[in-house]
Amino acid sequence: MNDSINYGDLFARNLREIRNYLSQSVLDEDALFARHAFEEMLKNLNRRAEAQGAHPAVVAPDYFMLFQQFVQQNVRAESTLRERGLAEAYERGRTDARGDTPPPPMKRDEVSPAPSAASSSSLRRVRISEALEMFLEHSRETKGDDRARSHVGLIVQFLIDTLGDPILADVSLDELKEIDRMLPDIPNRKGLPPAAKKSLATRYAYARERGWKGLERLTEARLRNGYHASLSQFFGWAISANVFPKPKPIFHCVSKENLASLPRDAFEDDELLKIVRMPLFTGCYSETWIWTPGDYFIQNHLYWGYLILFLSGMRPGEVGQLRVSDIVKRGDHYYFDLRPFDPRKGRVPLKEARRFKTESSARVIPIHPLLIELGLMDRVADLARVGSVRLFPEWAPYQKKTGEVRWGQPITKSWQYLKGRLDLGRADVTLYSTRHWMAEALDETNTPSRTRNRIMGHTDKNDMPGRYGRKSRLGTKQTELVTSAADDLIKKMGPILLAPKQRADKGELTKLKPWLKKANWAKLPPNAK
């Protein structure tokens, strides 16, 4: 093998040998020694092939994944043999202390189980893939959807691909430490060819083989809040389910090469003014060409979507779920009622209750008087007349394969286009920056933290707005405090937005109401309207 330069043939033969090794159990130190020798020989082959431009990932696409499984199997075998040796030494010590006859030596075809934190009667010996499906089923039962598959399932599959799907109880803590060290070297999907994007394992193998030119590393937040947190959640469950009889592993490795997370900043006042001066708000060319100047005034779903985001601090997905009946008036003020159901009408089945990001997301938010002055209640009346339950029937809910429903897709896509048109000149502004802007505006008015948390839908340990109806309301003074936030900017925004409405009321701009053409909205089922 050392003399051959036919790398296609060499990797094909060694792939067969690796698969042969992967099908075998490691019973003693002699077998492990032979495997380590073969592992070193393969590493030399890798270096020699790369020096000649014969990259293994090109010559044999499955090579690196199987090679990693082989290496990890060796690590696991080394740990098992070491634990077995410690167990035998412990038993010998007990025998010597008692003066008993020593036990017969272990035969080659016997494998001693590793010391376990759980009793043998309760321990369930399942493969990682089986444990993952058990975990996902548990998550579906407790959370009502399959969203865990997209984050916990993604990273646990990396364990399966890398380790070769062994019995979870047999996976050593040393192996999991090695997995932890590998995670920072998984590249982002950007710059990868389609074949390398299939899984985290193929992404890792591609970067390891080809290097990092043209690739991008994951952010620290993605590692800590995504991969580390998901693995911690999975192993916490695995221990409680008696499928992993060892201490809970800790995942924390982050490389200095990983990217710093880009914080989302609040909008600057001049950026918001730049947005409301766009043709959608001041007069556009047509129903389709809303970002081109013209003589039409169209207060469509994007018009109201952007303004509600600016003036309420709501999440895009919360705006997308608004119903016509969610706009209520109490005294002199209008509110968005974002509770799962109206408690005044009694209990409802869980399937009929709305689901928000967190329990604290259920809240009542004051509607800024500028929105009422611009005619929000006219839209409410129009949609009620054509039978639409939802305030934004144009925002069709997008259901992911996991069962998770996304409600804000239309405005998210619109923002990607609008941001390019605006040329804001900085990367840390996103649609979510509307929430940061509102949070800053509330801070500048010295809004009490309890009120601020209610408006933003943040957790307050002293408040439970999702459970108790009246606690989610704001008093008159609190409402006026909230609606007075950013008064200086609103005084600039108001004339820009009201002038085209006044021109349309005079007939100087032509009003269009495309949503009134959608009579079929009345025929849609309530959960789709």
Side-chain angles (χ1 to χ4, degrees), residues 65 68-69 72 76 117-118 123-173 175-189 192 197-205 217-254 258 261 317 355-359 361 398-406 459:
M65 185 182 298
Q68 287 295 330
Q69 291 180 11
Q72 292 301 322
R76 183 165 62 253
L123 177 64
R124 290 187 282 180
R125 294 181 58 78
V126 297
R127 297 193 178 278
I128 303 178
S129 58
E130 296 172 304
L132 174 59
E133 290 305 319
M134 293 164 60
F135 168 82
L136 293 175
E137 179 62 28
H138 169 76
S139 180
R140 282 191 294 269
E141 291 176 355
T142 56
K143 297 182 179 179
D145 58 44
D146 200 28
R147 70 179 65 187
R149 187 177 293 278
S150 63
H151 48 93
V152 179
L154 178 72
I155 189 61
V156 174
Q157 187 62 46
F158 181 71
L159 268 68
I160 296 169
D161 293 339
T162 303
L163 301 178
D165 200 17
I167 301 296
L168 182 57
D170 293 341
V171 176
S172 70
L173 295 179
E175 287 178 287
L176 295 176
K177 287 179 181 178
E178 180 60 25
I179 290 290
D180 189 26
R181 287 189 286 268
M182 294 168 68
L183 297 182
D185 291 327
I186 298 173
N188 203 335
R189 294 169 58 88
L192 289 170
K197 294 179 181 179
K198 293 190 297 184
S199 68
L200 296 183
T202 55
R203 284 159 56 178
Y204 175 85
R217 288 187 181 268
L218 297 168
T219 64
E220 179 184 8
R222 180 60 175 153
L223 283 170
R224 295 194 188 282
N225 303 334
Y227 298 169
H228 295 167
S230 294
L231 286 171
S232 178
Q233 184 181 355
F234 173 73
F235 278 99
W237 166 86
I239 292 170
S240 65
N242 289 326
V243 296
F244 186 72
K246 296 181 176 71
K248 185 177 179 181
I250 298 175
F251 298 92
H252 60 83
C253 283
V254 175
N258 288 114
S261 299
R355 295 174 65 90
F356 294 108
K357 184 176 181 181
T358 63
E359 184 177 327
S361 298
Y398 170 72
Q399 186 165 9
K400 300 174 69 176
K401 292 180 180 179
T402 61
E404 183 180 359
V405 177
R406 296 289 182 89
T459 301

Please check: side-chain N/O of Arg203 versus main-chain N/O of Ile186, any donor-acceptor pairing under 3.5 Å?
no

Counting only N and O atoms by type, is there a donor-acceptor contact under 3.5 Å from the side chain of His228 to the main-chain atoms of Cys253?
yes

Set of side chain to side chain contact (heavy atoms under 4.5 Å, CB included) partners for Arg140, sequence neighbours left out:
Leu136, Glu137, Asp146, Arg149

Under the ring-ring contact (aromatic ring centres under 6.0 Å, His included) test, which residues partner Phe244, sequence neighbours left out?
Phe235

Going by the rule side chain to side chain contact (heavy atoms under 4.5 Å, CB included), which residues pair with Asn258 if we only count those two or more places apart in sequence or in a different chain?
Pro184, Arg217, Leu218, Leu223, Val254, Ser255

Residue list, side-chain hydrogen bond (donor to acceptor under 3.5 Å, both in side chains) with Glu178, at least two apart or on another chain:
Arg181

Just how far is it from atom NE2 of His151 to atom CG of Leu231, taken to the nearest 0.5 Å?
12.0 Å

Pairwise distance OH(Tyr204) to CE(Met182) - rounded to 0.5 angstrom
4.0 Å

All side-chain hydrogen bond (donor to acceptor under 3.5 Å, both in side chains) counterparts of Asp165, not counting sequence neighbours
Ser129

Counting only heavy atoms not in Ile167, do more than 12 fall under 6.0 Å of its CD1?
yes

Show me the pairs that pass salt bridge (charged side-chain N to carboxylate O under 4.0 Å, His left out) and involve residues 223-237, at least two apart or across chains.
Glu220-Arg224

Taking the side chain as C-beta and beyond, is there a heavy-atom pair between Lys177 and Pro249 under 4.5 Å?
no

Does Lys198 have any side chain to side chain contact (heavy atoms under 4.5 Å, CB included) partners at least two apart in sequence or in another chain, and if so, which?
Thr202

Just wondering, do Phe135 and Val243 contact through their side chains at under 4.5 Å, heavy atoms?
no

Side-chain donor-acceptor pairs of residues 152-163 under 3.5 Å, sequence neighbours excluded:
| from | atom 1 | to | atom 2 | distance (Å) |
| --- | --- | --- | --- | --- |
| Gln157 | NE2 | Asp161 | OD1 | 3.0 |
| Thr162 | OG1 | Phe158 | O | 2.8 |

